[in-house]
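Below, chain A is the first sequence line, B the second, and so on; all start at residue 1. Note that these values count all heavy atoms, side chains included, but never hydrogens, waters or copies made by symmetry.
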Amino acid sequence: MESSWGFIEDGWRKGPWTADEDRLLIEYVKLHGEGRWNSVARLTGLRRNGKSCRLRWVNYLRPDLKRGQITPHEERIILELHARWGNRWSTIARSLPGRTDNEIKNYWRTHFKKKTKNSCDNFEKSRARLWKRQQFQQQQQKSTSKR
DNA sequence: AAAGGGTGCAACCGCGCCCCA
DNA sequence: CTGGGGCGCGGTTGCACCCTT
């Protein structure tokens, strides 16, 4: 019945994670490794679905996360890579050890999104069109080379 | 001091891809 | 070959915490 933030819906908990939930998830990964997220609930009793578990681990609990302020150096990389690839956050994240796609996405949106509203907006749109064309051509190449 | 507005981040959702029975 | 589960990605939301008025 109750579907409000932080409580149970369809048997799954949602909303912010508690310290106890974090402990259960960390314990699970220690024992079974990353992945197989849908078995977390079955094996630990944690009332979270697989998606929620994966997200929590990848974006928050992973021990190799850097945390804290984005450095000027990292910021430069983000700007460069975003100029090249657009919103391909996971691709950008691979060049920034210890940072997640979610973190980078949040950072860029809060710090640079508004600056593209005006003069850069048109540039942004044309870059997007170019990207789509490239994607299309790559798809063509893939499908022709497979046959 | 209290209300209103803005901001940042954690977490959600839908979509689409891949893999396997 | 195909239907469904598992997962990754990108966009979006909602809440807590500012800062202003």
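Taking only side-chain nitrogens and oxygens, A:Arg56 comes nearer than 4.0 Å to OP1 or OP2 of B:dA11. Look at A:Ser90 and you'll find a side-chain N or O under 4.0 angstrom from OP1 or OP2 of C:dC9. Distances shorter than 4.0 Å separate some side-chain N or O of A:Arg48 from OP1 or OP2 on B:dC12. Contact check, A:Ser52 against B:dA11: no side-chain N or O comes under 4.0 Å of OP1 or OP2. Contact check, A:Asn87 against C:dG11: a side-chain N or O comes under 4.0 Å of OP1 or OP2. Remark: A:Trp89 is in phosphate contact with C:dG11, judged by side-chain N or O atoms under 4.0 Å from OP1 or OP2. When the side-chain nitrogen and oxygen atoms of A:Arg67 are compared with OP1 and OP2 of B:dC9, none of them lie within a distance under 4.0 Å.
To the nearest 0.5 angstrom, A:Trp89 atom CH2 is 8.0 Å from A:Ile78 atom CD1. The CG atom of A:Leu61 lies 10.5 Å from the CD atom of A:Glu34; values are rounded to the nearest 0.5 Å.
Picking from B:dC13, B:dA11, C:dG8 the nucleotide with the shortest atom distance to the side chain of A:Trp37 gives C:dG8. Among the nucleotides C:dG10, B:dA10, B:dG8, the one closest to any side-chain atom of A:Asn102 is B:dA10. Side-chain proximity of A:Asn38 to the nucleotides C:dG8, C:dG11, C:dG6 is greatest for C:dG6. Picking from C:dC7, B:dG8, B:dC13 the nucleotide with the shortest atom distance to the side chain of A:Lys14 gives B:dC13.
In this entry the distance linking CZ of A:Arg62 with C1' of B:dA10 reads 15 Å, nearest Å. Separating the CD1 atom of A:Ile104 from the C1' atom of B:dG8 is a distance of 16 Å, rounded to the nearest angstrom. Rounded to whole angstrom, the span from the CD atom of A:Gln69 across to the C1' atom of B:dG8 amounts to 12 Å. With rounding to whole Å, A:Leu55 atom CG is found 18 Å from C:dG6 atom P. Residue A:Asp101 contributes atom CG, which lies 14 Å from atom C1' of C:dT12 at whole-angstrom precision. In this structure, A:Asn49 atom CG and C:dC7 atom C1' are separated by 12 Å, rounded to whole Å. If you measure from atom CH2 of A:Trp85 to atom P of C:dG10, you get 12 Å, rounded to the nearest angstrom. Between the CZ atom of A:Arg54 and the C1' atom of B:dC13 there is a distance of 13 Å, rounded to whole Å.
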| task | Report the C-alpha separation of A:Arg48 and A:Val40 in whole Å, then their side-chain angles, then the decisive distance to 0.1 Å, and conclude whether the side chain to side chain contact (heavy atoms under 4.5 Å, CB included) test is met. | result | CA-CA 8 Å; A:Arg48 295 276 184 171; A:Val40 176; over 6 Å; no
Between the protein and nucleotides 19-21 of chain B, are there any N/O to N/O pairs under 3.5 Å, and if so, what are the atom names and distances?
none

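Remark: the backbone N or O of A:Cys53 is not paired with any side-chain donor or acceptor of A:Arg56 at under 3.5 angstrom. Proximity of a side-chain donor or acceptor of A:Glu80 to a complementary backbone N or O of A:Ile77 within less than 3.5 Å is not detected.
Following chains of ILVMFWY side-chain contacts shorter than 4.5 Å, one can reach A:Val58 starting from A:Val29, so the two form part of one hydrophobic cluster.
Shortest non-hydrogen contact noted between A:Ser95 and A:Pro97 is O-CD, 3.5 Å. Contact between A:Thr44 and A:Leu24 at its shortest, heavy atoms only, is O-CD2, 4.1 Å.
In terms of position along DNA chain B, the nucleotide closest to A:Trp17 lies nearer the 5' end than the nucleotide closest to the other residue of the pair A:Lys51 and A:Trp17.
Checked by distance alone, A:Asn59 brings no side-chain donor or acceptor within 3.5 Å of a matching partner on the base of B:dA11.
Using a 4.0 Å heavy-atom criterion, one finds that A:Gly35 contacts the sugar-phosphate atoms exclusively. Residue A:Asn106 is in base contact, counting any heavy-atom pair closer than 4.0 Å across all strands shown.
Considering only heavy atoms from C-beta on, A:Thr91 comes within 4.5 Å of A:Arg94 through its side chain.
In the helix from B:dA2-C:dT21 to B:dA21-C:dT2, the rotation axis of the first five pairs and that of the last five pairs differ in direction by 10°, rounded to 10 degrees.
Using modelled atom types, one finds a donor on one side chain and an acceptor on the other under 3.5 Å when comparing A:Tyr28 with A:Ser39. Remark: the A:Tyr107 side chain and the A:Glu74 side chain contain no N/O donor-acceptor pair separated by less than 3.5 Å.
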